[in-house]
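Okay, structure first, notes after.
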Amino acid sequence: MQKTLTFSDHLRLIDERSTAFRAAVAAAPSLDVPVPSCPEWTLFDLVQHLGMGRRRSAAIVAAGPADARPEKSAWDDGTGAPREREALLAWWTESVERLTSALREAGPDRGCWTFWGDSQSPETSGAWARRQVPEIAVHTYDAQLTVGDPEPLPVEVALDGFDDCQFTLCSTDVAWPHEPAVVDYYATEGRSWRLRLSRDGAWAARLGAPAASEDPDPDTADASARGTASDLVLFFYGRIPLDSLKFEGDRRIFDQLAAWDPSV
(Lines give C-alpha, C1' and ligand atoms only; values in the text may rest on other atoms or scores of the structure.)
Protein backbone atom coordinates (compact mmCIF):
# COMPACT_ATOMS: atom_id res chain seq x y z
CA MET A 1 0.00 0.00 0.00
CA GLN A 2 1.33 3.44 -0.97
CA LYS A 3 2.17 5.66 2.00
CA THR A 4 0.19 8.87 2.26
CA LEU A 5 2.65 11.67 2.91
CA THR A 6 2.10 13.91 5.90
CA PHE A 7 2.77 17.59 6.51
CA SER A 8 6.05 16.60 8.20
CA ASP A 9 6.99 14.54 5.14
CA HIS A 10 6.42 17.53 2.88
CA LEU A 11 8.60 19.75 5.10
CA ARG A 12 11.32 17.09 4.99
CA LEU A 13 11.11 16.83 1.20
CA ILE A 14 11.20 20.60 0.78
CA ASP A 15 14.50 20.58 2.68
CA GLU A 16 15.87 17.61 0.73
CA ARG A 17 15.05 18.96 -2.71
CA SER A 18 16.20 22.46 -1.75
CA THR A 19 19.55 21.03 -0.70
CA ALA A 20 19.84 19.14 -3.99
CA PHE A 21 19.00 22.33 -5.88
CA ARG A 22 21.70 24.25 -4.01
CA ALA A 23 24.24 21.53 -4.77
CA ALA A 24 23.51 21.70 -8.50
CA VAL A 25 23.86 25.48 -8.54
CA ALA A 26 27.11 25.27 -6.58
CA ALA A 27 28.51 22.78 -9.12
CA ALA A 28 27.80 24.93 -12.18
CA PRO A 29 30.76 26.49 -13.99
CA SER A 30 28.92 29.81 -14.14
CA LEU A 31 25.61 31.37 -13.16
CA ASP A 32 25.30 32.60 -16.74
CA VAL A 33 24.97 29.16 -18.32
CA PRO A 34 21.63 28.68 -20.11
CA VAL A 35 19.03 26.30 -18.68
CA PRO A 36 18.11 23.88 -21.51
CA SER A 37 14.64 23.12 -20.14
CA CYS A 38 13.76 26.78 -19.51
CA PRO A 39 14.42 28.70 -22.74
CA GLU A 40 15.82 32.21 -22.32
CA TRP A 41 16.73 31.60 -18.67
CA THR A 42 20.23 31.43 -17.22
CA LEU A 43 20.97 29.49 -14.06
CA PHE A 44 20.87 32.78 -12.15
CA ASP A 45 17.38 33.44 -13.51
CA LEU A 46 16.29 29.98 -12.37
CA VAL A 47 17.56 30.54 -8.82
CA GLN A 48 15.94 33.97 -8.62
CA HIS A 49 12.64 32.62 -9.94
CA LEU A 50 12.54 29.71 -7.51
CA GLY A 51 13.70 31.77 -4.55
CA MET A 52 11.14 34.51 -5.14
CA GLY A 53 8.45 31.86 -5.47
CA ARG A 54 9.35 30.41 -2.07
CA ARG A 55 9.32 33.88 -0.50
CA ARG A 56 5.91 34.55 -2.04
CA SER A 57 4.56 31.23 -0.77
CA ALA A 58 5.92 31.99 2.71
CA ALA A 59 4.13 35.35 2.74
CA ILE A 60 0.86 33.74 1.62
CA VAL A 61 1.02 31.10 4.36
CA ALA A 62 1.99 33.67 7.01
CA ALA A 63 -0.97 35.88 6.05
CA GLY A 64 -3.47 33.13 6.80
CA PRO A 65 -7.08 33.29 5.54
CA ALA A 66 -7.45 35.99 2.88
CA ASP A 67 -9.43 36.85 -0.23
CA ALA A 68 -6.26 37.73 -2.16
CA ARG A 69 -2.57 37.08 -1.89
CA PRO A 70 -0.46 39.65 -0.01
CA GLU A 71 0.97 42.68 -1.75
CA LYS A 72 4.26 42.03 -3.54
CA SER A 73 6.10 44.13 -0.98
CA ALA A 74 5.44 41.35 1.57
CA TRP A 75 8.02 39.13 -0.13
CA ASP A 76 9.96 41.30 -2.59
CA ASP A 77 11.87 44.39 -1.49
CA GLY A 78 12.74 45.18 -5.09
CA THR A 79 16.45 44.36 -4.87
CA GLY A 80 16.20 40.88 -6.41
CA ALA A 81 18.67 38.10 -5.81
CA PRO A 82 22.40 38.86 -5.44
CA ARG A 83 24.56 38.00 -8.42
CA GLU A 84 27.65 36.72 -6.61
CA ARG A 85 27.45 32.94 -6.22
CA GLU A 86 28.01 32.56 -2.47
CA ALA A 87 25.64 35.42 -1.72
CA LEU A 88 23.08 33.91 -4.09
CA LEU A 89 23.32 30.51 -2.39
CA ALA A 90 22.86 32.18 1.00
CA TRP A 91 19.85 34.07 -0.37
CA TRP A 92 18.40 30.78 -1.64
CA THR A 93 18.89 29.16 1.76
CA GLU A 94 17.18 32.11 3.44
CA SER A 95 14.29 31.86 0.96
CA VAL A 96 13.69 28.23 1.91
CA GLU A 97 14.03 28.99 5.62
CA ARG A 98 11.37 31.68 5.31
CA LEU A 99 9.06 29.15 3.70
CA THR A 100 9.62 26.31 6.15
CA SER A 101 9.39 28.66 9.14
CA ALA A 102 6.06 30.02 7.92
CA LEU A 103 4.75 26.50 7.33
CA ARG A 104 5.87 25.22 10.74
CA GLU A 105 4.30 28.23 12.43
CA ALA A 106 1.02 27.70 10.56
CA GLY A 107 0.77 23.94 10.86
CA PRO A 108 -1.10 21.91 8.23
CA ASP A 109 -4.66 23.20 8.72
CA ARG A 110 -4.51 26.99 8.54
CA GLY A 111 -6.74 28.45 5.85
CA CYS A 112 -4.84 30.38 3.16
CA TRP A 113 -5.44 32.17 -0.09
CA THR A 114 -4.70 29.83 -3.00
CA PHE A 115 -4.83 29.96 -6.78
CA TRP A 116 -6.58 26.57 -6.86
CA GLY A 117 -9.94 27.42 -5.29
CA ASP A 118 -11.82 25.69 -8.10
CA SER A 119 -9.88 22.42 -7.66
CA GLN A 120 -10.26 19.31 -5.50
CA SER A 121 -7.43 20.33 -3.16
CA PRO A 122 -7.97 22.15 0.15
CA GLU A 123 -7.11 25.80 0.58
CA THR A 124 -4.75 25.30 3.50
CA SER A 125 -1.15 25.72 4.57
CA GLY A 126 -0.77 21.95 4.32
CA ALA A 127 -1.74 22.07 0.65
CA TRP A 128 0.79 24.86 0.13
CA ALA A 129 3.46 22.66 1.70
CA ARG A 130 2.59 19.82 -0.63
CA ARG A 131 2.61 22.12 -3.67
CA GLN A 132 6.18 23.22 -2.93
CA VAL A 133 7.68 19.76 -3.34
CA PRO A 134 7.13 19.12 -7.08
CA GLU A 135 7.86 22.77 -7.85
CA ILE A 136 11.28 22.61 -6.20
CA ALA A 137 11.91 19.07 -7.47
CA VAL A 138 11.29 19.94 -11.12
CA HIS A 139 13.50 23.02 -10.92
CA THR A 140 16.15 20.90 -9.24
CA TYR A 141 15.98 18.68 -12.32
CA ASP A 142 16.39 21.85 -14.44
CA ALA A 143 19.50 22.84 -12.49
CA GLN A 144 20.96 19.35 -12.69
CA LEU A 145 20.28 19.25 -16.42
CA THR A 146 22.10 22.56 -16.75
CA VAL A 147 25.25 21.11 -15.20
CA GLY A 148 24.95 17.91 -17.23
CA ASP A 149 23.94 15.58 -14.41
CA PRO A 150 20.11 15.26 -14.40
CA GLU A 151 18.62 12.73 -11.98
CA PRO A 152 15.09 11.29 -11.95
CA LEU A 153 12.85 12.73 -9.30
CA PRO A 154 12.92 10.51 -6.19
CA VAL A 155 10.02 8.05 -6.28
CA GLU A 156 8.47 9.40 -3.07
CA VAL A 157 8.56 12.93 -4.46
CA ALA A 158 7.28 11.97 -7.90
CA LEU A 159 4.34 9.81 -6.81
CA ASP A 160 3.02 12.40 -4.39
CA GLY A 161 3.88 15.20 -6.79
CA PHE A 162 1.95 13.73 -9.71
CA ASP A 163 -1.02 13.10 -7.44
CA ASP A 164 -0.88 16.76 -6.42
CA CYS A 165 -0.62 17.84 -10.05
CA GLN A 166 -3.85 16.00 -10.87
CA PHE A 167 -5.89 17.10 -7.87
CA THR A 168 -4.55 20.66 -7.58
CA LEU A 169 -3.48 21.82 -11.03
CA CYS A 170 -5.69 19.74 -13.33
CA SER A 171 -8.98 19.52 -11.47
CA THR A 172 -11.39 22.42 -11.92
CA ASP A 173 -15.10 23.14 -12.12
CA VAL A 174 -14.52 25.20 -15.28
CA ALA A 175 -16.16 23.52 -18.27
CA TRP A 176 -13.86 21.52 -20.56
CA PRO A 177 -14.17 23.25 -23.98
CA HIS A 178 -13.74 20.10 -26.10
CA GLU A 179 -15.44 16.75 -26.53
CA PRO A 180 -15.78 14.88 -23.22
CA ALA A 181 -12.82 12.60 -22.60
CA VAL A 182 -11.22 10.35 -20.01
CA VAL A 183 -7.44 10.20 -19.56
CA ASP A 184 -5.64 7.55 -17.52
CA TYR A 185 -2.10 7.79 -16.16
CA TYR A 186 -0.12 4.78 -14.94
CA ALA A 187 3.06 4.98 -12.89
CA THR A 188 5.23 1.90 -13.21
CA GLU A 189 5.65 2.02 -9.43
CA GLY A 190 2.03 0.89 -9.08
CA ARG A 191 -0.09 4.03 -8.81
CA SER A 192 -2.65 5.21 -11.36
CA TRP A 193 -5.03 8.12 -11.90
CA ARG A 194 -8.03 8.99 -14.04
CA LEU A 195 -8.95 12.48 -15.23
CA ARG A 196 -12.51 12.99 -16.50
CA LEU A 197 -13.06 15.99 -18.78
CA SER A 198 -16.55 17.30 -19.49
CA ARG A 199 -18.83 20.31 -19.25
CA ASP A 200 -18.72 19.74 -15.47
CA GLY A 201 -15.00 20.47 -15.51
CA ALA A 202 -11.97 18.25 -14.93
CA TRP A 203 -12.12 15.78 -12.06
CA ALA A 204 -9.32 13.52 -10.89
CA ALA A 205 -9.58 10.14 -9.19
CA ARG A 206 -7.12 7.55 -7.98
CA LEU A 207 -7.54 4.16 -9.60
CA GLY A 208 -7.23 0.88 -7.76
CA ALA A 209 -4.52 -1.73 -8.17
CA PRO A 210 -6.25 -3.70 -10.97
CA ALA A 211 -6.31 -0.64 -13.19
CA ALA A 212 -2.57 -0.22 -12.75
CA SER A 213 -1.77 -3.61 -14.25
CA GLU A 214 0.20 -4.03 -17.45
CA ASP A 215 -3.03 -4.68 -19.36
CA PRO A 216 -5.23 -1.74 -18.35
CA ASP A 217 -8.97 -1.96 -18.86
CA PRO A 218 -9.75 0.28 -21.87
CA ASP A 219 -13.31 0.69 -20.53
CA THR A 220 -13.78 4.44 -20.73
CA ALA A 221 -10.26 5.82 -21.28
CA ASP A 222 -9.86 7.78 -24.50
CA ALA A 223 -6.13 8.19 -23.95
CA SER A 224 -3.53 6.94 -21.51
CA ALA A 225 0.11 7.44 -20.67
CA ARG A 226 2.41 5.12 -18.73
CA GLY A 227 5.88 5.69 -17.34
CA THR A 228 7.82 6.10 -14.16
CA ALA A 229 6.35 8.57 -11.70
CA SER A 230 9.33 10.83 -12.37
CA ASP A 231 8.66 10.79 -16.11
CA LEU A 232 4.96 11.49 -15.57
CA VAL A 233 5.83 14.59 -13.54
CA LEU A 234 8.47 15.74 -16.02
CA PHE A 235 6.01 15.25 -18.88
CA PHE A 236 3.33 17.18 -16.99
CA TYR A 237 5.74 20.11 -16.55
CA GLY A 238 6.82 19.98 -20.19
CA ARG A 239 10.35 18.75 -19.51
CA ILE A 240 10.06 15.62 -21.63
CA PRO A 241 7.77 14.86 -24.61
CA LEU A 242 4.78 12.53 -24.65
CA ASP A 243 6.83 10.14 -26.78
CA SER A 244 9.01 9.50 -23.72
CA LEU A 245 6.03 7.68 -22.20
CA LYS A 246 4.09 4.66 -23.37
CA PHE A 247 1.11 6.35 -24.97
CA GLU A 248 -2.19 4.95 -26.20
CA GLY A 249 -5.34 6.55 -27.59
CA ASP A 250 -6.16 10.01 -28.91
CA ARG A 251 -3.04 12.18 -28.83
CA ARG A 252 -5.08 15.32 -29.44
CA ILE A 253 -6.43 15.18 -25.89
CA PHE A 254 -2.96 15.69 -24.44
CA ASP A 255 -2.39 18.62 -26.81
CA GLN A 256 -5.73 20.10 -25.74
CA LEU A 257 -4.87 19.67 -22.07
CA ALA A 258 -1.49 21.34 -22.55
CA ALA A 259 -3.11 24.32 -24.29
CA TRP A 260 -6.07 24.68 -21.92
CA ASP A 261 -6.06 27.50 -19.37
CA PRO A 262 -9.28 27.35 -17.31
CA SER A 263 -8.55 30.76 -15.78
CA VAL A 264 -9.08 32.51 -19.14
Side-chain angles (χ1 to χ4, degrees), residues 1-18 50 52-71 74-75 95-96 98-139 153-176 183 185 187 191-198 200-208 229 232-233 236-237 257 260-264:
M1 180 179 295
Q2 174 63 33
K3 174 186 175 184
T4 299
L5 298 189
T6 65
F7 182 68
S8 294
D9 289 324
H10 291 130
L11 291 176
R12 169 177 57 82
L13 293 172
I14 288 170
D15 283 337
E16 288 181 5
R17 289 298 87 202
S18 298
L50 193 57
M52 282 298 184
R54 294 334 95 199
R55 289 166 181 250
R56 180 176 62 244
S57 297
I60 290 169
V61 170
D67 294 328
R69 71 183 184 184
E71 294 295 326
W75 71 82
S95 301
V96 177
R98 285 193 188 188
L99 172 63
T100 54
S101 294
L103 288 168
R104 289 190 176 94
E105 174 67 24
D109 301 319
R110 177 186 287 176
C112 297
W113 175 87
T114 72
F115 60 82
W116 58 79
D118 59 346
S119 80
Q120 293 168 260
S121 288
E123 295 185 274
T124 62
S125 47
W128 270 108
R130 189 186 199 206
R131 183 90 286 278
Q132 304 307 303
V133 179
E135 291 284 338
I136 299 171
V138 169
H139 284 317
L153 276 59
V155 172
E156 182 181 33
V157 168
L159 284 171
D160 189 71
F162 191 74
D163 191 89
D164 178 62
C165 288
Q166 294 304 295
F167 283 88
T168 303
L169 301 184
C170 283
S171 71
T172 176
D173 59 12
V174 176
W176 171 245
V183 180
Y185 297 96
R191 296 279 301 277
S192 54
W193 299 263
R194 173 163 288 174
L195 187 67
R196 294 185 179 274
L197 304 161
S198 72
D200 293 328
W203 299 103
R206 300 177 187 97
L207 298 179
L232 288 175
V233 174
F236 182 88
Y237 278 92
L257 273 169
W260 186 36
D261 183 354
S263 66
V264 175

Residue list, ring pair (Phe, Tyr, Trp, His ring centres under 6.0 Å) with [X], at least two apart or on another chain:
X    : value
W75  : none
H10  : none
W203 : none

- Query: Can you tell me how far CZ of F162 sits from CG of L232, rounded to the nearest 0.5 angstrom?
  - Reply: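 Between L232 CG and F162 CZ, I get 4.5 Å after rounding to 0.5 Å.
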- Task: Quick one: pull up CD1 in I14 and CD in E135 and give me the separation to the nearest 0.5 Å.
- Result: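 Here the rounded value is 11.0 Å.
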- For D67, does the CG atom sit with more than 12 other heavy atoms under 6.0 Å from it, leaving out its own atoms?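 No.
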- All side-chain hydrogen bond (donor to acceptor under 3.5 Å, both in side chains) counterparts of S57, not counting sequence neighbours: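 Listed in chain order: Q132.
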- Task: Under the side-chain hydrogen bond (donor to acceptor under 3.5 Å, both in side chains) rule, collect the residues that match up with R55, sequence neighbours excluded.
- Result: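 Testing R55 for side-chain hydrogen bond (donor to acceptor under 3.5 Å, both in side chains), a comparison that skips the adjacent residues, returns E94, S95.
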Please tabulate, one pair per line, all N/O donor-acceptor pairs under 3.5 Å involving side-chain atoms of residues 165-172, not counting sequence neighbours.
| residue | atom | partner | partner atom | Å |
| --- | --- | --- | --- | --- |
| T168 | OG1 | S121 | OG | 2.5 |
| T168 | OG1 | D164 | O | 3.2 |
| T168 | OG1 | D164 | OD1 | 2.7 |
| S171 | OG | Q120 | N | 2.9 |
| S171 | OG | F167 | O | 2.6 |
| T172 | OG1 | D118 | OD2 | 2.6 |
| T172 | OG1 | V174 | N | 3.0 |

- Task: May I ask you to decide whether R12 forms a salt bridge with D15, counting only side-chain N to carboxylate O separations under 4.0 Å?
- Result: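 Looking at R12 and D15, the cut-off is not met.
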- Task: Could you label the plane-to-plane angle of the W116 and W128 rings as parallel, tilted or perpendicular, counting under 30° as parallel and over 60° as perpendicular?
- Result: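 W116 and W128: tilted rings.
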- Message: I'd like to know if the side chain of R54 reaches the main chain of L50, judged simply by a donor and an acceptor atom lying under 3.5 Å from each other, with no hydrogens or angles considered.
- Response: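 Here the side-chain-to-backbone pair exists.
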Atom of [X], atom of [Y] and distance for their closest heavy-atom approach:
X    : Y    : value
G161 : V233 : C-CG2, 4.4 Å
A202 : W260 : CB-CZ3, 4.0 Å
Y237 : V138 : CD1-CG2, 3.6 Å
P122 : A127 : O-CB, 3.2 Å

- Message: For S8, give me all partners under side-chain contact (heavy atoms from CB on, under 4.5 Å), at least two apart in sequence or on another chain.
- Response: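 Per chain and number, S8 pairs via side-chain contact (heavy atoms from CB on, under 4.5 Å) with T6.
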- Query: Can you name the residues that form a side-chain contact (heavy atoms from CB on, under 4.5 Å) with A137, not counting sequence neighbours?
  - Reply: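 Partners of A137 by the side-chain contact (heavy atoms from CB on, under 4.5 Å) criterion, ordered by chain and then number, come out as R17, L153, V157.
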- Message: Suppose we screen for salt bridge (Lys or Arg N to Asp or Glu O under 4.0 Å). Which residues come up paired with R206, at least two apart in sequence or across chains?
- Response: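 Applying salt bridge (Lys or Arg N to Asp or Glu O under 4.0 Å) to R206 gives D163.
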Enumerate donor-acceptor pairs with a distance under 3.5 Å from any side-chain N or O in residues 101-113 to protein atoms, sequence neighbours excluded.
| residue | atom | partner | partner atom | Å |
| --- | --- | --- | --- | --- |
| S101 | OG | E97 | O | 2.8 |
| R110 | NH1 | V61 | O | 3.1 |

- Task: Taking the side chain as every heavy atom from C-beta outward, state whether L257 and L195 have any pair of such atoms under 4.5 Å apart.
- Result: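 With C-beta onward as the side chain, the pair touches.
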- Message: Do E156 and L5 have side chains that approach each other closer than 4.5 Å (heavy atoms only, starting at C-beta)?
- Response: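 When only atoms from C-beta onward are counted, L5 and E156 do touch, with a gap below 4.5 Å.
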